[in-house]
Amino acid sequence: MGLLRGLLESVSETLELFYTATATLTQESTNGLSLLGTLLARVLPLFLTNNPLPDGFPWGSLSDTNTNPYVDYPRTGVVRYYDFTVSRGIIAPDGYQRDVLLVNGAYPGPLIEANWGDTIVVTVHNNISNPEDGTTIHWHGFLQRETPWADGAPGISQCPIPPGSSYTYEFVASLFGTSWYHAHYSAQYAGGVVGPIVVYGPTHAKYDVDLGPIMLSDWYHREYFDIVKELLSPNASPRVLSDNNLIDGKMNFDCSTVAPGDNTPCTDRAGISKFKFQTGKTHRLRLINSGADGVQRFSIDQHTLTVIAEDFVPVKPYNTTVVTLGVGQRTDVLVTANAGPPDSLFWMRSNLTTCSPARQPNALAAVYYDKADTSATPSSRPWDVPDPGTCANDPLDISEPLYPIPLPKPAITQTMDIELFKNASNVTLWKFNGVSMRTDYNSPVILLANQGNFSYPPEWNVVNYQQTTAIRIIINNKGPGPHPMHLHGHNFYILHEGPGEWDGTIVRPSNPMRRDVELVRGNGHLVIQFDGAPGVWAFHCHIAWHSSGGFLASLLVQPHKVQQMHLPGDVEQNCRAWDLWTKHNVVDQIDSGT
Ligand SMILES: *[C@@H]1O[C@H](CO)[C@@H](O)[C@H](O)[C@H]1NC(C)=O
Ligand SMILES: *[C@@H]1O[C@H](CO)[C@@H](O)[C@H](O)[C@H]1NC(C)=O
Ligand SMILES: *[C@@H]1O[C@H](CO)[C@@H](O)[C@H](O)[C@H]1NC(C)=O
Ligand SMILES: *[C@@H]1O[C@H](CO)[C@@H](O)[C@H](O)[C@H]1NC(C)=O
Ligand SMILES: *[C@@H]1O[C@H](CO)[C@@H](O)[C@H](O)[C@H]1NC(C)=O
Ligand SMILES: *[C@@H]1O[C@H](CO)[C@@H](O)[C@H](O)[C@H]1NC(C)=O
Ligand SMILES: [Cu+2]
């Protein structure tokens, strides 16, 4: 009896630690220079006004219903410049102190903003020292038409940026909506190199307040390098447990659960994210799963979510109480603050699903209406929507792109299997399309293709489609876990997703859903198709640990056109700098490299 009472007391004590809105740490000690998730975070505008295009919106009469964004976008001629420095730092996002990697001293990193059709230029300085390491940054979801070398995948579209060196990425924001950037070098982004991107564009859906990015991320107390090293050691378990779950980089942690002997500084009630809602008004929330592994289920107590975009694709609005996001996916939702009087406050929640190995799966943030006391702790009840346990995305037939595009006839249909295996040294790795990928940082495929060299070592896992552009891929997942499949440089059509083998059914062929990431469930299939653009495009599982374990293919599309491209001199110059650095330093490439 006494034991039971003790247990119950410890459970309610734990709940109190999580469910508290009073922070004990400063924002700087939890998140460096980031203000996301604080009451000081900027509310975003409807578009950036320093734009020379005349009258009204910068995109003129182009809209999200009348324009095929893969063909047409405004050529604004405006360039948005950013300067990023990637450095080591020490922060405690959930109270447990960690060595991390920061962009401009912030976790999450600074917001990139542009209008639809602007050009984004980011100069990245690699200031990683003690120890030094390479880096690259990928601009998730951008099409990189005519600029495939700006895609940020090491060994595929560029050499890593050596320590002490800089590299400038330049690309057009030809799609609009919500996205993010992250390091693509090893599993480095799990160490903190992530940040949000907003491309302002037309929207048929009306809202009053743009609350900006809400980044949902599982969080690990160990450094990414140590996790990968352990994962890729002989006879290791392929499961990696996350320690916590964050909203805009913040959450509380129960420090009494830290392993005995671990003397890392840890503080209870570090502080959760807080958001202000204007009573009666409609807010746009830009949800981004920027985690390393976990599938998120997002909700706000007593509020309906109206989904208006998924990834960079505006969709016909639909209402729901919970949205599911695999790693890399974005969902833009509208929320009206009409669930109570002006002094109301509610919990925002993001739960990792049952298929995401987690010690503490439930992230919390507080939502305050105008007149609510922002130091108070909400006591609202969650929606009663049990996790269906499929670890799949929400059903395909509920999301329909606003701008309809019928599915073209495929010129090729290919099957790619996902398999786990042990190599000759007993290391558990992934095979995708029969190969476990390992990149060569010093020889990016795009440079070789540009020089007319199309023969590569098998472990680079390059698939050359020659002249073919209408490419259909049937992905068969032979294992029990889900994988968020991400294709660089494209929004693919999603034909079907489900358990077992594909039966040939296509969901809404007149206008299939399009995205840049979609989950394939355990022991299931995912069928996609895309209109291939010239370039070399990584196609991989977005779970950082799986990609490290070789789960990546490089799709070489229209190689003859890649050969004719005029690559900027910086691409080769950066490879010379990387070659030089690797002559004097040992690159400890413990994984696939991506
Ligand atoms: C470079 O990194 C060091 C820490 O390793 C930091 O002290 C310094 O401020 C960083 N420089 C810049 C320009 O961010
Ligand atoms: C969604 O719900 C809101 C009320 O919260 C309602 O006004 C709106 O019409 C609904 N939209 C759709 C597409 O059902
Ligand atoms: C999230 O987790 C909380 C706590 O376990 C639970 O009460 C709630 O129903 C969950 N919400 C969703 C949408 O799964
Ligand atoms: C097995 O994989 C590990 C990790 O990639 C690698 O270091 C090792 O060399 C591989 N063993 C063999 C025999 O290929
Ligand atoms: C691999 O593991 C098996 C079983 O644990 C063991 O018998 C074998 O010696 C190991 N091989 C290597 C190369 O480590
Ligand atoms: C093409 O590149 C590969 C990988 O670097 C190299 O092994 C091969 O020799 C090259 N082929 C030619 C014809 O240069
Ligand atoms: Cu995976």
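Here the structure is a predicted model, which is why all the values come from computation and not from measurement. Both counts, for ligands and for their atoms, begin at 1 and track the order of listing. Position 1 is the first residue of the sequence; numbering continues from there.
Among the atoms of R88, none of the N or O lies under 3.5 angstrom from an N or O of ligand 1. Polar contact with ligand 5: absent for S425 (N/O pair, distance under 3.5 Å).
Counting the atoms of ligand 5 from 1 in the order shown, those under 4.0 Å from a heavy atom of A424 are 13 (C). Near S129, meaning under 4.0 Å from any of its heavy atoms, are these atoms of ligand 1: 5 (O).
Identified under the ring-ring contact (aromatic ring centres under 6.0 Å, His included) test for residues 22-42, with sequence neighbours left out: none. Within the structure, every pair that satisfies the disulfide (SG to SG under 2.5 Å) test and touches residues 552-594, not counting sequence neighbours, is listed here: C159-C575.
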Sequence neighbours excluded and cut-off under 3.5 Å, please list the side-chain donor-acceptor pairs for residues 97-108, or say none.
| from | atom 1 | to | atom 2 | distance (Å) |
| --- | --- | --- | --- | --- |
| R98 | NH1 | Y220 | O | 2.8 |
| N104 | OD1 | T85 | N | 2.7 |
| N104 | ND2 | D83 | O | 3.0 |

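Relative ring orientation between H184 and H488 is described as perpendicular, the plane-to-plane angle rising above 60° on a 0-90° scale split at 30° and 60°. F312 and F142 have perpendicular rings, their planes meeting at more than 60° on a 0 to 90° scale where under 30° would count as parallel.
For the residue pair T123 / S166, no side-chain donor-acceptor distance below 3.5 Å is found, with atom types taken as modelled.
Salt bridge E113/R42: present, at least one basic N to carboxylate O contact under 4.0 Å.
Here H140 and H542 bring their ring centres to under 6.0 angstrom of each other.
Residues lining ligand 6 at a heavy-atom distance below 4.0 Å are given as L448, N453, S455, W460, ordered by chain and residue number.
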